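Model, not experiment: these values are computed from the prediction. Every heavy atom of this structure was used, including side-chain atoms; hydrogens, water molecules and symmetry mates were not.
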Amino acid sequence: MEKWKPFFWDPIGFKMSRYSFSKDVQVIVGGTPFNLHRDLLAARSSKLCKLFKENPDEDLSHLLSDIPTSPQIFEIMARFCYNFQVNLTPENVIAVSCLACYLGMTEAHSPHNLLNQALSFFEHEVITGWNESIRSLKAIDNPTLLQQAVQLGLIDGCMDSIINKALDNPLLLGEPIKNPVLDDDESVYKPNAKRQLFVLDWKSEDLSLTSLHLQFYEPIIRGMIQCKMGSNYIASNLYQYAKRWVFLDPKETDEEDTSSSEGDCSNSKRVAIEAIERLLPHDRGVLPCALLSEMLQYATVLEASDNCRDGFEVRIGRQLDMADVNDLLIPSQGYSKEEKYDTECVRRILKHFYHNFSGKDQCGGLNLVAELVEDFLGEVANDIDLKKDSFTSLAEMSIAASEGTQRTSDGIYRAIDIYLNKHKYLTESEREEICAVLECNKLSAEACEHAAQNERLPVRVAVQVLFVGQLHLRETITKEVAAPEERSKKSEEEDDDEDEKVMGELEKMSSKVMELEKECVVMRREIQRGCYMRKSNKIEKEKTNVWREMKRKLGCISSLNRNNCHVKKKKKKVHPR
């Protein structure tokens, strides 16, 4: 990177001696001297004009050495006084505005003033864009400049601009972190076509919201929360901020005092994790338990406040039914901790779960937590440093978690078996104390069969297990004996059902047969009627034909007139007497 040069060594070849008229004044800013003309400075700055009038002949370099700015910003002011074009950027506009206000370069002193020019640039070029607002805030590197910028309202202007743009397009905060247990697609923000053109310009640069220091980041997030920004976007951005400012190791620096640098870094990380916990929404499921557990572990390592650690524990406890056993394997911290995992922390988390749990499917949630605690007990049982009292207290906690459910004691038995196998040096009495938490009457038949052959169990416990096994065997035999009777009853019932079905079918068939018989009788009558009519017609026809034949033989019917079918009587001849 090219080393910065003072104003009178500007590359364009401009030297301040060209404008040295009556008197010059030397101003030293950050160890860099500037030789400037009094009249030009007085024409632009009301403060310098007053100082020159009060001290016309004195050397004022000692009075001007406390100007709160950097050599680069002071050079921009000097160029403006000499009517050179100034190059304002989002990085320097706030510092230039503060210097112009400090020197009185305002409208009251000169119509063409540096403050108006800087504020105009800030209004039209900085707060109109997301990237420019981020760059302006990141450029504020000292408390004095910050205080001046706050008084001018420039900090509020940048933060309000960022908040409004994030409310318009929440994806500027990043994608929400999906919870593997919850699958709610409706909670995912889907921008329209116009917003997609504006989405994430900062991905190509380090201009995300998480790049800001905590003094700007925290009030911006608070403003978004007050404006009802989606909690899933807030939580996602807070986790990304933790990854950047808390989780990652600090970069190597050239500072000689490495120990003090590490101490400052640790303090800043602790402050950051405490602020993240304060800002993190309490909504259930906005972050997976794995990420909450990760932040809790860093809060413990950094020795954050009790409120901070308790806040993470409460959030994990509220969604403990969504957790995995790895989420509870929190390493113990400190040299005094002999055990591998922080079991007391898990106990507190479980307490928070029972205190706050109000899910719709309560039985399902309780079963999940009971299974989770059993798995956790099985994992910590492998710890060779886990003391007997700690194990029994955890076992009692697991039993308490299973109350109100129909779970067996198989999980407890498995953890006890693991612990006895890992701690083979225990005496008979100590093993009996450990097994005292085991409820043998709740063991399944498979667990009883395994326990009866387990040489690690005390004799008394083995006898109890055998007794329970006999009870299971008796119940099994009783069920097997009762099974044929049930099957016969069931078969009889099935036969009765089949008989009823057959009778129903027969009734249907008989009714159909009766209907068919009726139809047959009707058809028979119709047939008989038809035969009689044909027979009568035939007889009549035969009778007619016979009669006609007789009349023909008798001569009643002639071949010419067969219609005259009456018999003519012969007249008697009367002889004349």
Just wondering, do [Y] and [X] contact through their side chains at under 4.5 Å, heavy atoms?
| X | Y | value |
| --- | --- | --- |
| Q240 | S208 | no |
| Y239 | E294 | yes |
| C227 | M224 | no |
| E379 | L328 | no |

Item to check | Under 3.5 Å donor-acceptor, S398 side chain and V373 backbone | outcome: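 Absent.
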Solution key, residues 145-162 side-chain donor-acceptor pairs under 3.5 Å, sequence neighbours excluded:
residue	atom	partner	partner atom	Å
S161	OG	I127	O	2.6
S161	OG	K165	NZ	3.0

Using a 3.5 Å cut-off and no angle test, enumerate the donor-acceptor pairs between side-chain atoms of residues 447-454 and protein atoms at least two apart in sequence or in another chain.
residue	atom	partner	partner atom	Å
H450	ND1	Y413	OH	2.6
N454	OD1	R456	N	3.0
N454	ND2	Y413	OH	3.1
N454	ND2	D417	OD1	2.9

Checklist entry - Between F391 and Y419, how do the two ring planes meet: parallel, tilted or perpendicular, split at 30° and 60°? => result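 Parallel: the ring planes of F391 and Y419 meet at under 30°.
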Checklist entry - Are D327 and S293 linked by a side-chain donor-acceptor pair shorter than 3.5 Å? => result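 The criterion, which ignores hydrogens and geometry beyond distance, is not satisfied for S293 and D327.
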Checklist entry - Is E430 salt-bridged to K388, cutoff N-O under 4.0 Å? => result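 Salt bridge absent between E430 and K388.
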Next on the checklist: Under a 4.0 Å threshold between the charged nitrogen and the carboxylate oxygen, would E374 count as salt-bridged to R414?
Outcome noted: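 Salt bridge between R414 and E374, a charged N being under 4.0 Å from a carboxylate O: no.
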Item to check | Partners meeting salt bridge (charged side-chain N to carboxylate O under 4.0 Å, His left out) with K387 (sequence neighbours left out) | outcome: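 Expected list: E338.
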